[in-house]
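Working notes, beginning with the structure itself.
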Amino acid sequence: MADPKGFLTTGREVAKTRPVEERVKDWNEVYVPGSLLPIISKQAGRCMDCGIPFCHNGCPLGNLIPEWNDYAYREDWSAASERLHATNNFPEFTGRLCPAPCEAACVLGINQPAVTIKNVEVSIIDKAWDSGDVTPQPPERLSGKTVAVIGSGPAGLAAAQQLTRAGHTVAVYERADRIGGLLRYGIPEFKMEKVHINRRIEQMRAEGTKFRTEIEIGRDIDAAKLRQRYDAVVIAAGATVSRDLPVPGRELRGIHFAMEYLPLANKVQEGDFVAPPITAEGKHVVVIGGGDTGADCVGTAHRQGAASVTQLEIMPKPGEERSAGQPWPTFPMLYKVTSAHEEGGERVYSVSTTHFEGDEDGNVQFLHLVEVEFVDGKLEQKPGTERKIPAQLVTLAMGFTGTDRANGLVEQFGLELDERGNIARDADFATNVDGVFVAGDAGRGQSLIVWAIAEGRSAARGVDRYLTGASELPAPIRPTDRALTV
């Protein structure tokens with residue numbers, strides 16, 4: 001146990017953010033650089049080293065949280081990094097982007113503020129990079145087997161790194177011009193600077209992983225021919241089909257999916273554009289969808305100089321504390337104020353869009369909405385609550401419905417889908433096609449980054465066993481495992 005009295009004497013303290021007026025003028029991460037290290041050892045000391053650490057159950061990776069908390073408390077950063085990497089290939093990603101279900105399951109959180117597990121995690125990995133503890137781990141010998149990984153998001157990268165380290169020759173295919181999937185083009189720079197992806201990719205290259213960009217399997221290369229070229233294939237293409245809003249006026253210019261809008265802002269930071277082709281500058285912006293992607297649109301619009309930003313959510317406003325129906329250690333639906341929300345804008349709950357109104361040139365100008373409420377378990381409109389709000393740029397951030405089928409990948413492989421439209425797989429993450437496996441959102445459906453990495457690690461074990469007859473790679477989850485909810 002790190003500090004037997006830590007949770008009794010030390011209060012919860014999280015990373016400090018830069019002043020709003022400063023950070024909305026740039027695209028750097030919102031946190032004050034170096035603000036965690038002076039406080040993080042004491043924060044790690046709040047961990048109670050529980051006999052049954054429920055934080056393990058909250059995190060699908062099975063992170064050894066009490067162990068690396070203890071090392072962080074003692075400032076043994078090298079040992080902490082080793083324990084952290086034992087279960088997580090990319091803690092710099094999860095430490096910045098994960099909503100931390102481990103903290104929701106923290107035993108201390110029953111009646112006190114939970115341990116700042118996420119902050120401890122990111123402090124350990126940042127310290128490890130700075131001190132040179134993160135080095136390439138190439139395999140001692142090659143197996144002679146080849147694997148293609150389709151998709152370079154967190155699931156694909158995790159599977160690729162695990163399989164490369166097991167001795168297989170791995171090539172990652174990415175349809176975008178850079179590696180990273182939604183980590184690269186779906187996550188704004190202010191949430192995670194892309195240097196964190198770049199240096200991890202360089203580590204993987206040094207280990208032997210090959211990367212092939214601007215190649216879309218199904219369009220540029222026939223999927224069946226790819227299968228003939230490799231001993232095994234891992235599909236980690238994500239659930240990239242955005243949920244649409246089929247209401248009158250949807251065809252007006254200025255209405256875009258979030259994943260049409262956000263990548264362009266990131267491409268500006270990569271140096272591809274001087275200014276984004278779709279911008280919020282000087283416009284009244286409406287973001288439809290109250291989740292993390294919606295918040296990313298809000299923060300991006302602030303930095304582009306929007307005249308106003310309004311975020312709409314069809315569900316009621318969540319409470320600020322756990323309800324009786326969401327007991328510990330489940331992940332509660334709470335009212336969350338992200339860094340983007342701190343920067344301004346209005347959040348409107350329990351409303352539904354009825355239609356869009358445009359000008360004579362076909363550009364969206366207004367969004368018409370109505371208040372809704374649950375009646376006998378169904379959402380119904382409240383008469384007399386219709387109104388319209390200015391909307392010159394609308395982003396649809398309502399989640400995703402499944403993996404892309406338009407590119408022909410599913411049909412060319414001959415893959416079976418489950419009842420939810422995801423690619424079906426067995427206990428080893430194998431599809432109905434011999435030697436073809438699936439990991440991440442393509443098989444699970446839209447989920448969290450920790451689940452994607454856990455899926456990639458688990459699928460890698462299935463591939464390794466398929467190729468060699470046995471495997472020592474870890475498999476933290478089964479395909480049927482789900483988050484701890486009610």
(message) Pair I235, F437 - check side-chain contact (heavy atoms from CB on, under 4.5 Å), show working.
(response) CA-CA 6 Å; I235 300 171; F437 297 74; over 6 Å; no
(request) State the OG-OH distance between S41 and Y73, to the nearest 0.5 angstrom. (result) 9.0 Å
(request) Could you pull out the closest heavy-atom pair between A397 and V287, with the gap in Å? (result) CB-CG1, 4.4 Å
(request) List the steps and the verdict of side-chain contact (heavy atoms from CB on, under 4.5 Å) for V337 and R347. (result) CA-CA 10 Å; V337 179; R347 304 167 76 178; 4.0 Å; yes
(message) Taking the side chain as everything from C-beta on, heavy atoms only, tell me whether F374 gets closer than 4.5 Å to P316.
(response) yes
(message) Please evaluate residues D426 and R478 with respect to the criterion salt bridge (Lys or Arg N to Asp or Glu O under 4.0 Å), reporting the C-alpha separation (whole Å), side-chain torsions for both, the decisive distance (0.1 Å), and the verdict.
(response) CA-CA 9 Å; D426 65 14; R478 299 163 296 184; over 6 Å; no
(message) To the closest 0.5 Å, what do you measure between CG (D126) and CG (L36)?
(response) 8.5 Å
(request) Could you verify whether a donor N or O on one side chain and an acceptor N or O on the other, from T10 and Q43, lie under 3.5 Å apart? (result) no
(request) Ignoring hydrogens and angles, state whether a donor on the side chain of S81 or D133 is under 3.5 Å from an acceptor on the partner side chain. (result) no
(message) Whether the S339 and T17 side chains hold a donor-acceptor pair (N or O, under 3.5 Å, no angle test) is what I'd like checked.
(response) no
(request) Please examine the side chains of C102 and I65, heavy atoms only from C-beta on, and report whether any two atoms are closer than 4.5 Å. (result) yes
(message) Tell me if a side-chain donor or acceptor on N266 pairs with a main-chain N or O of I187 at a distance below 3.5 Å.
(response) yes
(message) When you compare the side chain of I40 with that of I124, does any pair of heavy atoms fall below 4.5 Å?
(response) no
(request) With rounding to the nearest 0.5 Å, note down the distance linking CH2 in W451 to CG in L61. (result) 9.5 Å
(request) Determine, step by step, whether R74 and D3 satisfy the salt bridge (Lys or Arg N to Asp or Glu O under 4.0 Å) criterion, reporting the C-alpha distance in whole Å, the side-chain angles of both residues, the deciding distance to 0.1 Å, and the verdict. (result) CA-CA 10 Å; R74 302 177 194 284; D3 181 355; over 6 Å; no
(message) Could you check whether any side-chain heavy atom of V309 comes within less than 4.5 Å of a side-chain heavy atom of H302, counting everything from C-beta outward?
(response) yes
(message) Consider side-chain contact (heavy atoms from CB on, under 4.5 Å). Of R199, E92, H85, which one does V134 pass it with?
(response) H85
(request) Output the distance between atom CG (L312) and atom CD (E346), rounded to the nearest 0.5 Å. (result) 8.5 Å
(message) Donor-acceptor check, side chain of R461 to backbone of L473, threshold 3.5 angstrom: yes or no?
(response) yes
(request) Verify the distance criterion only: is there a donor paired with an acceptor across the side chains of N88 and T94 at less than 3.5 Å? (result) yes
(request) Please confirm whether the backbone N or O of G238 pairs with a side-chain atom of T403, one donor and one acceptor, at under 3.5 Å? (result) yes
(request) Measure the shortest side-chain to side-chain distance between V107 and F7 over non-hydrogen atoms and say whether it is less than 4.5 angstrom. (result) no
(request) Measure the shortest side-chain to side-chain distance between V172 and T209 over non-hydrogen atoms and say whether it is less than 4.5 angstrom. (result) yes
(request) Would you check if the side chain of E313 reaches a backbone N or O of S350 as a donor-acceptor pair within less than 3.5 Å? (result) no
(request) For the residue pair H168 and D464, confirm or rule out a side-chain donor-acceptor distance under 3.5 Å. (result) yes
(message) Are more than 12 heavy atoms, taken from residues, nucleotides or ligands other than E281, located less than 6.0 Å from that residue's CD atom?
(response) no
(request) Could you tell me the separation between the CD atom of E82 and the CG atom of L64, rounded to the nearest 0.5 Å? (result) 8.5 Å
(request) Please round to the nearest 0.5 Å and tell me the distance separating atom CG of L396 and atom CD1 of I288. (result) 5.5 Å
(request) Evaluate whether atom NZ of K283 has more than 12 neighbouring non-hydrogen atoms of other residues, nucleotides or ligands under 6.0 angstrom away. (result) yes
(message) A cation-pi test, strictly: NZ or CZ of R303 under 6.0 Å from the centre of the six-membered ring of F190 and no more than 45 degrees from its axis. Yes or no?
(response) yes
(request) Assess whether atom CG of L8 is packed by more than 12 heavy atoms of other residues, nucleotides or ligands within 6.0 Å. (result) yes
(request) Go through the steps to decide whether E320 and K336 satisfy the test salt bridge (Lys or Arg N to Asp or Glu O under 4.0 Å), and finish with yes or no. (result) CA-CA 8 Å; E320 297 187 11; K336 183 168 63 173; over 6 Å; no
(message) Donor-acceptor check, side chain of K194 to backbone of E270, threshold 3.5 angstrom: yes or no?
(response) no
(message) Taking the basic N atoms (NZ, or NE/NH1/NH2) and the acidic carboxylate oxygens, is any pair closer than 4.0 Å for K191 and E29?
(response) no
(message) With a 6.0 Å cut-off (strictly less than), is the heavy-atom count around OH of Y31, excluding the residue itself, greater than 12?
(response) no
(request) Tell me, with the steps shown, if F93 and I197 meet side-chain contact (heavy atoms from CB on, under 4.5 Å). (result) CA-CA 8 Å; F93 303 164; I197 303 175; 4.1 Å; yes
(request) Kindly say whether D428 contributes a backbone atom to a donor-acceptor pair with the side chain of R465 at under 3.5 angstrom? (result) no
(request) Consider only side-chain N and O atoms of N89 and Q161, and report whether a donor and an acceptor are under 3.5 Å apart. (result) yes
(request) Applying side-chain hydrogen bond (donor to acceptor under 3.5 Å, both in side chains), name anything that partners Q269, two or more places apart in sequence or on another chain. (result) none
(request) Could you walk me through whether L369 and T385 pass the side-chain contact (heavy atoms from CB on, under 4.5 Å) test, one step at a time? (result) CA-CA 8 Å; L369 56 80; T385 62; over 6 Å; no
(request) Could you tell me whether the side chains of R178 and Y185 share a donor-acceptor contact shorter than 3.5 Å? (result) yes
(request) Test S152 against E174 for side chain to side chain donor-acceptor pair (under 3.5 Å), laying out the working first. (result) CA-CA 6 Å; S152 66; E174 168 57 53; 2.7 Å; yes
(message) Taking P332's backbone N and O only, do any of them form a donor-acceptor pair with T330's side chain (distance below 3.5 Å, no angle check)?
(response) no
(message) When you compare the side chain of F257 with that of D244, does any pair of heavy atoms fall below 4.5 Å?
(response) yes
(request) Considering non-hydrogen atoms only, spot the tightest contact between A80 and W68 and give its length. (result) O-CB, 3.8 Å
(message) Any donor-acceptor pair under 3.5 Å linking the side-chain atoms of T395 with those of H256?
(response) no
(request) Give a yes or no answer on whether the side chain of R46 reaches the backbone of P113 with a donor-acceptor pair at less than 3.5 Å. (result) yes
(message) Using every non-hydrogen atom in the two residues, find where F331 and A104 come nearest and quote the distance to one decimal.
(response) CD1-CB, 3.7 Å
(request) Start with the C-alpha gap between N63 and T87, add the side-chain angles, then the distance that decides, and say whether side chain to side chain donor-acceptor pair (under 3.5 Å) holds. (result) CA-CA 6 Å; N63 282 335; T87 57; 2.5 Å; yes
(message) With heavy-atom distances below 4.5 Å as the criterion, would you say the side chains of W77 and S131 are in contact?
(response) no
(request) Answer with yes or no whether the side chains of N69 and R83 bring together a donor and an acceptor at under 3.5 Å. (result) no
(request) Please answer whether the main-chain N or O of G440 pairs with a side-chain N or O of E455 as donor and acceptor at a distance below 3.5 Å. (result) yes
(request) For A295 and T338, work out which heavy atoms get closest and say how close. (result) CB-OG1, 3.8 Å
(message) Using a 3.5 Å distance criterion without hydrogens, assess whether the side chain of R184 forms a donor-acceptor pair with backbone atoms of I179.
(response) yes
(request) Take E207 and T164 through the test side chain to side chain donor-acceptor pair (under 3.5 Å) and record every step on the way to the result. (result) CA-CA 7 Å; E207 292 171 349; T164 297; over 6 Å; no
